[in-house]
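Note on naming: letters A, B, ... go to the chains in the order of the sequence lines (proteins, then strands), and numbering restarts at 1 for each one. Computed from a prediction, not measured in an experiment: that's the story for all the values here.
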Number of protein chains: 4
Amino acid sequence: MALCGDDHKRLLNRINRIEGQVRGLRKMVENDRDCFEVLKQIAATNGAMHSLGMFILEDHLKGCVSETLRDREKHDALINQVMDIFNRLSK
Amino acid sequence: MALCGDDHKRLLNRINRIEGQVRGLRKMVENDRDCFEVLKQIAATNGAMHSLGMFILEDHLKGCVSETLRDREKHDALINQVMDIFNRLSK
Amino acid sequence: MALCGDDHKRLLNRINRIEGQVRGLRKMVENDRDCFEVLKQIAATNGAMHSLGMFILEDHLKGCVSETLRDREKHDALINQVMDIFNRLSK
Amino acid sequence: MALCGDDHKRLLNRINRIEGQVRGLRKMVENDRDCFEVLKQIAATNGAMHSLGMFILEDHLKGCVSETLRDREKHDALINQVMDIFNRLSK
């Protein structure tokens, strides 16, 4: 089950922005910036990443899932994957 | 309060690795990889980022804090910052 | 969509145990126990609660969802609920 | 390091309210209430618990810590405890 929807481009834009945040973080460390500013940048980057994950998961569940669900076995496999991801993302 | 300790280089290495993870993530999306693989990569990157934050916070509390704490007012300001950061990181 | 499965009893047992943990917490505070012991108890109780939530969600998705999913509109409503709950639980 | 401040009573009130939330949760399961309502109750209880933990930690750091910090060895032990609790609460 690959990414679906025509949101590919929007997705890449979000990832590019996160890459920019990480580069910003490195710059802050190189320039020996205040410790709490660095930590805020980390928290912000994590927040952006987490909401990207939520967006992908929602998009996936809404867009690609339908056919899977007609098949009982695939359905169970999907639920297992969803729960596994939930557990990883909520840590 | 800037970053302290001689761990600057180790810190930059960890940030570089995280940058690599984000680039890997973009590659996965570009190549239309399986949705759950993408989500696992996001969760792993978030985990690396979170533990980087914990590392910086610990390093900071251990290394730079001492003199601050002799001063009551600065002490309270520091605790407020710590609680603020922890609230951001635990979201 | 109510709880399904015959796991009602097991569920109540888990909730009873959590109630016991909260009562234990109160006792610790009444007895003026060490602050970090209290915080560990809070973290343990939260962990038990979180995994109870995951268990209920999984049970629900696996057991009750099938018929819902044949209906496109209900399907979307379900996904919205799942994402909403996940956002609440991962905070 | 026990709980300090005269906030003992307020603390117990908060714990009592959380106990009430858990009892409410059990009632909901007994009455076979809608699954997502149950999950919202779990998320709300977890939120109350988490912010109780934050409150206790902040109170502790502000109120009881000062003398500890004059002693280098105790200081390091304290920081270790704080980081350990952060890690537990942010899971």
Atom pairs and distances, donor-acceptor, side-chain atoms in residues 38-45 of chain D, under 3.5 Å, two or more places apart:
from: D/Q41; atom 1: NE2; to: D/Q21; atom 2: O; distance (Å): 2.9
from: D/T45; atom 1: OG1; to: D/Q41; atom 2: O; distance (Å): 2.7

Is there side-chain contact between C/F36 and D/L57, with at least one heavy-atom pair below 4.5 Å?
yes

Those residues at least two apart in sequence (or on a different chain) that pass side chain to side chain donor-acceptor pair (under 3.5 Å) with C/R26 are D/N16, D/E19

Go through the steps to decide whether C/R88 and D/N46 satisfy the test side chain to side chain contact (heavy atoms under 4.5 Å, CB included), and finish with yes or no.
CA-CA 9 Å; C/R88 290 171 197 256; D/N46 249 0; over 6 Å; no

Between CG on residue C/D34 and CD on residue D/Q81, distance to nearest 0.5 Å
6.5 Å

Between D/N31 and chain C, with a heavy-atom cut-off of 4.5 Å, which part of the residue counts as in contact: side chain, backbone, both or neither?
neither

To the nearest 0.5 Å, atom CD1 of D/I15 lies from atom CE of C/M28 at 10.0 Å

Under the side chain to side chain contact (heavy atoms under 4.5 Å, CB included) rule, what do D/L25 and C/L52 come out as? Steps first, then yes or no, please.
CA-CA 11 Å; D/L25 179 66; C/L52 175 70; 4.1 Å; yes

